[in-house]
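What follows is a short report on a single structure.
Just so it is clear, the structure is predicted and the values come from calculations on it, not from any experiment.
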Amino acid sequence: MGILYRTCKAIMRRNYIQDLLEMGFTENKQGVSVYNMKDEELRHELALATFRKKEIENDKNSWF
């Protein structure tokens with residue numbers, strides 16, 4: 001069970017980093033590299049980067 005858990009966590013971390021790098025994101029506002037962030041920080045930064053990527057001028061993507 002422990003090996004499977006660690007493997008899945010490593011794959012998820014690699015995917016988070018890959019997605020952030022594809023968006024052009026290499027470090028957060030404090031200057032910490034994506035390779036040095038914790039998993040929670042990576043997930044948080046990926047969510048923020050996804051929201052920033054949305055085109056809010058388009059009526060289809062507006063909030064209200």
Would you name the heavy atoms of [X] and [Y] that are closest together and state the gap between them?
{"X": "A49", "Y": "M23", "value": "CB-SD, 3.6 Å"}
{"X": "R13", "Y": "K38", "value": "NH1-C, 3.9 Å"}
{"X": "L42", "Y": "V34", "value": "CD2-O, 3.5 Å"}
{"X": "V32", "Y": "M37", "value": "O-CE, 3.4 Å"}

Between [atom1] of [X] and [atom2] of [Y], what distance do you get to the nearest 0.5 Å?
{"X": "F51", "Y": "L46", "atom1": "CZ", "atom2": "CG", "value": "10.5 Å"}
{"X": "L48", "Y": "R43", "atom1": "CG", "atom2": "CZ", "value": "12.5 Å"}
{"X": "H44", "Y": "Y16", "atom1": "NE2", "atom2": "OH", "value": "13.0 Å"}
{"X": "S33", "Y": "L20", "atom1": "OG", "atom2": "CG", "value": "10.5 Å"}

### Query
So does E22 have more than 12 non-hydrogen atoms from other groups sitting under 6.0 Å from CD?
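Yes, the 6.0 Å shell around CD holds more than 12 heavy atoms from other groups.
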
### Query
So does I11 have more than 12 non-hydrogen atoms from other groups sitting under 6.0 Å from CD1?
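Yes, the 6.0 Å shell around CD1 holds more than 12 heavy atoms from other groups.
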
### Query
Is the closest side-chain heavy-atom distance between D39 and M12 below 4.5 Å?
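D39 vs M12: side chains apart.
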
